[in-house]
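By convention in this document, chain letters (A, B, ...) are assigned in the order of the sequence lines, proteins followed by strands, and residues within each chain are numbered from 1.
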Number of protein chains: 2
Amino acid sequence: MAVTIRDVARASGVHISTVSRTFSAPHLVNPETRSRVLATAEQLGYRPNRAARALITGRTHNIGLIVADIANPFFPPLIKAAETHARRRDYHVFVADTDEDPIVEADLVQALAKQVDGILLCSPRMSDDQIEQLRREVPLVVINRMITGLPAVVMDVGQGARSAVRHLLDLGHRHLVYLSGPRGSWTNQKIRQAAGATARAAGAELTVLGPHQPVSAAGAAAAEAVLATGATAVLAYNDLMAIGLLQALQDRDIAVPGQVSVVGIDDIAASELVRPQLTTVANPTAAAGRAAVDMLLQQGDDGSTGQINLHTDLVIRNSTGPGPFLPAGATTAEVAAYVKE
Amino acid sequence: MAVTIRDVARASGVHISTVSRTFSAPHLVNPETRSRVLATAEQLGYRPNRAARALITGRTHNIGLIVADIANPFFPPLIKAAETHARRRDYHVFVADTDEDPIVEADLVQALAKQVDGILLCSPRMSDDQIEQLRREVPLVVINRMITGLPAVVMDVGQGARSAVRHLLDLGHRHLVYLSGPRGSWTNQKIRQAAGATARAAGAELTVLGPHQPVSAAGAAAAEAVLATGATAVLAYNDLMAIGLLQALQDRDIAVPGQVSVVGIDDIAASELVRPQLTTVANPTAAAGRAAVDMLLQQGDDGSTGQINLHTDLVIRNSTGPGPFLPAGATTAEVAAYVKE
DNA sequence: GTGAAAGCGCTAACAG
DNA sequence: CTGTTAGCGCTTTCAC
């Protein structure tokens with residue numbers, strides 16, 4: 001059996017409560033006794049049992065982090081930052097993957113509820129109602145979603161999408177495609193709205209294709225549909241889809257950005273590794289992870305329910321350029337033909 | 001306050017031990033009582049407190065998963081598979097990141113020890129001694145490392161490296177480079193040995209460059225050094241480095257595979273997304289994650305300490321091809337000149 | 001089949 | 001400053 005507080009008490013000739021205090025309220029114990037206790041504890045290899053402590057204090061010093069898909073490269077930097085940040089504050093983190101399934105998501109929150117001091121919900125696919133329901137069982141901080149009254153950290157993809165579309169418009173593109181993401185994604189809606197509004201305001205056309213799974217294969221599979229629209233530029237829900245599209249276009253000998261420009265969102269590591277390097281909207285995922293942890297841990301102290309909006313940046317690389325040179329006033333059909341050829 | 005076993009007992013008119021039994025040993029309780037208890041529990045929203053249960057049973061139903069770097073794309077598929085598999089067996093998983101630091105690694109094991117039933121150590125950077133030491137505090141399963149007497153799951157990179165080198169030799173390459181990984185990596189040693197032995201046996205030359213951090217920037221930074229060796233083919237410690245090298249070579253107008261062939265290891269998602277697509281050794285990371293979880297959970301039952309060796313597969317894509325065409329018997333210097341030009 | 005009681009490892013009043 | 005006592009939520013003997 002592992003060494004307990006009792007063993008330390010016996011070995012150092014004090015009562016167990018003194019040992020307890022040595023660890024949980026050191027200032028309440030005589031420096032001499034303290035160092036003696038600490039010494040024997042060290043020697044015996046004693047480590048407080050957090051679970052037992054949690055039982056009485058009500059604080060587990062654990063947090064939960066629920067994401068849609070660990071293997072989606074968008075999440076790991078966020079997970080890493082959150083975990084490192086939490087550990088620095090002496091918290092351990094449970095990580096769980098919902099596989100984009102809202103039911104699994106809800107189950108997970110409930111299963112974890114008793115073992116954690118709070119949960120970070122990353123890009124949740126549940127309904128607002130469900131989230132508010134669960135919030136009564138356990139403190140929640142939501143990432144990449146805005147729900148009134150709920151603490152949240154969002155990366156301002158709306159603004160990112162606007163920058164991206166403006167960039168495309170500045171290059172002369174008049175017909176864009178938005179390759180939309182999965183159903184139930186709050187982010188997806190925001191991007192779509194922002195992109196649509198920006199294009200419309202400039203008198204340009206924006207065709208929405210989707211929904212799609214947020215993976216590269218979906219981007220690749222959409223290539224034909226994209227070409228069929230006759231658009232000369234594409235904004236994708238995320239980099240994965242953008243990269244899939246990029247390669248599928250090149251495999252069809254469509255030049256990027258010569259004939260079609262492509263913009264992604266997220267700035268995952270791979271977007272710098274592909275050629276042409278992907279123009280994309282950089283999301284501060286690591287900062288978001290840290291901010292969310294801070295928010296969750298503060299929630300206990302005061303009852304604050306702030307909402308943080310993190311700035312996103314358009315990173316212009318080599319997958320965007322001027323639209324194909326066409327006679328002014330060409331019809332959509334002509335553009336399509338031109339692009340396809 | 002949350003609803004406890006006591007609330008359920010009161011509400012259903014039975015003693016708390018009956019409620020307890022209803023959840024932990026249902027067969028010991030009258031079916032009628034059981035369903036009544038279950039009903040009120042359901043209605044009150046009761047969920048057993050695992051921490052309290054763990055205190056007495058000694059089983060937390062949690063496991064720890066410690067990896068070198070969550071953001072390294074090699075790990076997320078493994079983490080995902082392990083987490084999903086564990087959850088299916090009703091286990092939650094703590095994920096932690098050591099940032100490639102053996103000290104952090106050891107601390108983490110000790111910090112997690114009391115809260116878990118066991119820990120999965122993924123590509124540990126600690127010494128064998130340290131690991132064996134820690135093993136006495138908590139059940140351990142090691143992934144990607146072989147230590148006698150310790151349960152382990154390894155992906156057979158040695159065999160993978162042999163296949164890769166043979167593939168290169170078959171294409172006619174006579175001088176190879178191994179771009180080695182981080183110090184302290186067991187995998188790195190295995191690859192190096194296997195690659196060296198295979199090359200030597202065929203009378204070919206293998207130059208080892210390194211150590212390197214296992215990131216794409218390190219691969220890119222090694223481009224000059226690689227060219228300076230005059231080798232016509234490179235095996236890299238992992239795909240990230242291989243991809244970095246790939247791009248750096250192309251940026252210098254060195255054709256891949258025309259002038260230099262490049263092989264990676266891992267088969268991360270990005271290796272299929274870059275052009276040319278990367279020839280690489282596919283590691284069954286997801287299978288490894290699941291196997292390790294199974295091993296850890298069985299360890300409690302019997303005292304088995306098996307070691308599983310998972311097969312790796314060479315995936316031939318487009319970054320490898322015949323070496324540059326040269327007059328037979330060209331000197332190394334000539335080859336270097338040719339390749340550089 | 002169910003209740004009573006003890007106790008897992010620890011903290012939190014309360015005395016002294 | 002330190003010891004005493006009660007008890008967090010739950011399981012597990014042991015009687016009945």
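Closest to the B:T33 side chain, of the nucleotides D:dC10, C:dT2, C:dC10, is C:dT2. Between C:dC10, D:dT12, C:dT2, one nucleotide has an atom nearer to the side chain of B:N30 than all others, and that is C:dT2. When the nucleotides D:dC1, C:dC10, D:dC10 are ranked by their closest atom to the side chain of B:A52, D:dC10 comes out on top. Set against C:dT11, D:dC10, D:dG3, the side chain of A:T18 has D:dG3 as its closest nucleotide. Taking only side-chain atoms of A:V14, from C-beta outward, the nucleotide of C:dC10, D:dC10, D:dG3 with the closest atom is D:dG3. Side chain of B:P48, nearest nucleotide from D:dC10, C:dT11, D:dG9: D:dC10. Counting only heavy atoms from C-beta on, B:T57 has its side chain closest to D:dT11 among D:dC8, D:dT11, C:dC10.
Put simply, B:T4 has no side-chain N or O that comes within less than 4.0 Å of OP1 or OP2 on D:dC8. The shortest distance between the side-chain N/O atoms of B:S20 and the OP1/OP2 oxygens of D:dT11 is below 4.0 Å.
Distance A:L44 CG to C:dG9 P: 14 Å, rounded to the nearest Å. Distance CZ (A:R36) to P (D:dC1): 14 Å, rounded to an integer number of Å. Between B:N49 atom CG and C:dC10 atom C1' there is a gap of 14 Å when expressed in whole angstrom units. The distance between atom NZ of B:K114 and atom P of C:dC10, rounded to the nearest whole Å, is 7 Å. Atom CZ in A:R59 sits roughly 19 Å away from atom C1' in D:dG9 (whole-Å rounding). For the pair B:L55 CG and D:dG7 P, the computed distance is 17 Å after rounding to whole Å.
Mapping A:F23 and B:H15 onto DNA chain C by nearest heavy atom places B:H15 at the nucleotide closer to the 5' end.
Electrostatic pairing of B:R50 and B:D90 counts as a salt bridge here, judged by a charged N lying under 4.0 Å from a carboxylate O.
Counting heavy atoms from C-beta on, the side chains of B:K80 and A:D69 come closer than 4.5 Å. Contact of the A:H92 side chain with the B:L112 side chain is registered, since non-hydrogen atoms from C-beta on lie closer than 4.5 Å.
Nucleic acid contact for B:Y46: sugar-phosphate only, since backbone atoms but no base atoms lie under 4.0 Å from a heavy atom of the residue.
Put simply, the side chain of B:R21 and the base of C:dG3 share a donor and an acceptor less than 3.5 Å apart.
In the helix from C:dG1-D:dC16 to C:dG16-D:dC1, the rotation axis of the first five pairs and that of the last five pairs differ in direction by 40°, rounded to 10 degrees.
Pairing each heavy atom of A:S12 with each of A:R36, the nearest pair is O-NH1, 2.6 Å. Scanning both residues, A:D97 and A:D99, for their nearest heavy atoms gives OD1-N, 2.7 Å.
None of A:S123, A:P124, A:C122 except one satisfies the side chain to side chain contact (heavy atoms under 4.5 Å, CB included) rule with A:R145; the exception is A:P124.
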